[in-house]
Undergrad: 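Following this message is one structure expressed as structure tokens.
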Amino acid sequence: MPITVEEKFGRMLADDSAERTYLVRGTTSDDTARSELLAASPFYVDGLKRDDAEVEEIGDQLWLGVVRYAAVDSVEPEVGESSFAFETRGGTQHITQSLSTVASYADSGVTAPDFGGAIGVTASGVEGTDITVPVYTFSETHYFDSVSTSYKGTLFSLTGRTNSASFKGLAAGECLFLGAAGTKRGDQPWEISFAFAGSPNVSGLSVGTITGIAKKGWEYLWVRYTEAEDTAAKMLIQKPIAAYVERVYREGNFSLLGIGT
């Protein structure tokens, strides 16, 4: 006999609570009846969060199920629940190369030197400039029944690492684990918040006449300059001659966090 869950007996709704009643058929197990009741009942009703569910046997393979709802702030979190948050805002990055030189101007009779996109060139080097770049940060809060010392060590070892495989929609190398914070109050579940930052992998970058540069999101790109002669301007310039992509963060297996991928 298949297990069925049917809403019955109307509904109750107050300012900060609600109640729905169901009939569950097709099982002799109270655990199964309650699990099916939870699966069939909505998690939220009119802005109220599911708080409790109970079943009472009233016949052969027949159960009366009652699901209660309460204001979100008054409901204690359950193991397995999660919450999510994200933010995009501008961060600061120091660069020495532009995407392109839009224009150059010079005094009459003088040719403006071609610095290959280098910014703030002086006789001794390239000063660069600070720009605003997009920064994507997100966090997830999960609830656990228990947290072992070994798991705390896993969180510690993965902090400051990038994802070795796809994680939360970000390709390998795009996600940086910023760390986790856990709390436990009385007999409530462990509440652990996980913080991450995202930076996109890029390819096809150019620095001056150097092309085909690719870097993962959290790798670091820097440029080596040397003195060269600009024959048109008849002067020495700082010219990019090499670009380096450096790995500055170790990779980690983020599936060990236990919050899905």
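Here the structure is a predicted model, which means the values were calculated and not measured.
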Undergrad: Counting distance only, does the side-chain N/O of N201 pair as donor-acceptor with the main-chain N or O of A172 below 3.5 Å?
TA: yes
Undergrad: Is any side-chain N of the basic residue among E54 and R68 closer than 4.0 Å to the acidic one's carboxylate O?
TA: yes
Undergrad: Are L158 and F138 connected, step by step, through hydrophobic side chains (Ile, Leu, Val, Met, Phe, Trp, Tyr) whose heavy atoms are closer than 4.5 Å?
TA: yes
Undergrad: Output yes when a side-chain donor or acceptor of E36 lies under 3.5 Å from a complementary backbone atom of A33, and no otherwise.
TA: no
Undergrad: Taking the six-membered ring for Trp, are F167 and F196 closer than 6.0 Å centroid to centroid?
TA: yes
Undergrad: Between atom CD1 of I241 and atom OG1 of T226, what is the distance when rounded to the nearest 0.5 Å?
TA: 4.5 Å
Undergrad: Checking S100 side chain against V102 main chain: does a donor-acceptor pair fall under 3.5 Å?
TA: no
Undergrad: Under 3.5 Å, is there a donor-acceptor pair between the side chain of R50 and the main chain of L38?
TA: yes
Undergrad: Is a side-chain N or O of H142 found less than 3.5 angstrom from the main chain of F194, in a donor-acceptor match?
TA: no
Undergrad: Do E191 and Y143 pair up side chain to side chain, a donor and an acceptor below 3.5 Å, judged on atom types alone?
TA: yes
Undergrad: Got T27 and Q61 here, is their nearest side-chain heavy-atom distance under 4.5 Å?
TA: no
Undergrad: Apply side chain to side chain donor-acceptor pair (under 3.5 Å) to the pair T211 and S206, showing each step before the final yes or no.
TA: CA-CA 4 Å; T211 60; S206 298; 5.4 Å; no
Undergrad: Using the rule given for salt bridge (Lys or Arg N to Asp or Glu O under 4.0 Å), can you reason through R34 versus E56, listing the C-alpha separation, both sets of side-chain angles and the distance that settles it, and then say yes or no?
TA: CA-CA 9 Å; R34 187 173 184 276; E56 178 185 356; over 6 Å; no
Undergrad: Quick one: hydrophobic cluster around Y225, which other residues, with the 4.5 Å side-chain cut-off, linked directly or via members?
TA: F115, V121, V126, V202, L205, V207, I210, I213, L221, V223, M235, I237, V245
Undergrad: Going hydrophobic residue to hydrophobic residue with side-chain gaps under 4.5 angstrom, can you get from V147 over to I259?
TA: yes
Undergrad: Please confirm whether the backbone N or O of D30 pairs with a side-chain atom of W63, one donor and one acceptor, at under 3.5 Å?
TA: no
Undergrad: Taking side chain as C-beta onward, heavy atoms only, is I58 less than 4.5 Å from L23?
TA: yes
Undergrad: Any donor and acceptor pair, going by atom type alone, linking the side chain of D145 with main-chain N or O of P189 inside 3.5 Å?
TA: no
Undergrad: Mark yes when over 12 heavy atoms from residues, nucleotides or ligands other than Y249 sit less than 6.0 Å from its OH; otherwise mark no.
TA: no
Undergrad: More than 12 non-hydrogen atoms from neighbouring residues, nucleotides or ligands closer than 6.0 Å to NZ on K239, yes or no?
TA: no
Undergrad: Give a yes or no answer on whether the side chain of S199 reaches the backbone of G217 with a donor-acceptor pair at less than 3.5 Å.
TA: yes
Undergrad: Are S255 and T261 close enough that a side-chain donor and a side-chain acceptor fall under 3.5 Å?
TA: no
Undergrad: For the pair S157 (side chain) and T154 (backbone), establish whether a donor and an acceptor sit closer than 3.5 Å, ignoring hydrogens and angles.
TA: yes
Undergrad: Give a yes or no answer on whether the side chain of R250 reaches the backbone of R161 with a donor-acceptor pair at less than 3.5 Å.
TA: no
Undergrad: To the nearest 0.5 Å, what is the distance between OH (Y69) and CD (E19)?
TA: 10.5 Å
Undergrad: If Ile, Leu, Val, Met, Phe, Trp and Tyr residues are connected whenever their side-chain heavy atoms lie under 4.5 Å apart, and connections chain through other members, are L48 and V66 in the same group?
TA: no
Undergrad: Over all heavy atoms of both residues, which pair between W218 and V248 is shortest? Give the atoms and the distance, please.
TA: O-CG2, 3.5 Å
Undergrad: In Å, rounded to the nearest 0.5 Å, how long is the span from CD1 of I131 to CD1 of I119?
TA: 7.5 Å
Undergrad: Is the shortest side-chain N to carboxylate O distance from K168 to E140 below 4.0 Å?
TA: yes
Undergrad: Does the distance from a Lys or Arg side-chain N to an Asp or Glu carboxylate O, for R25 and E6, drop under 4.0 Å?
TA: yes
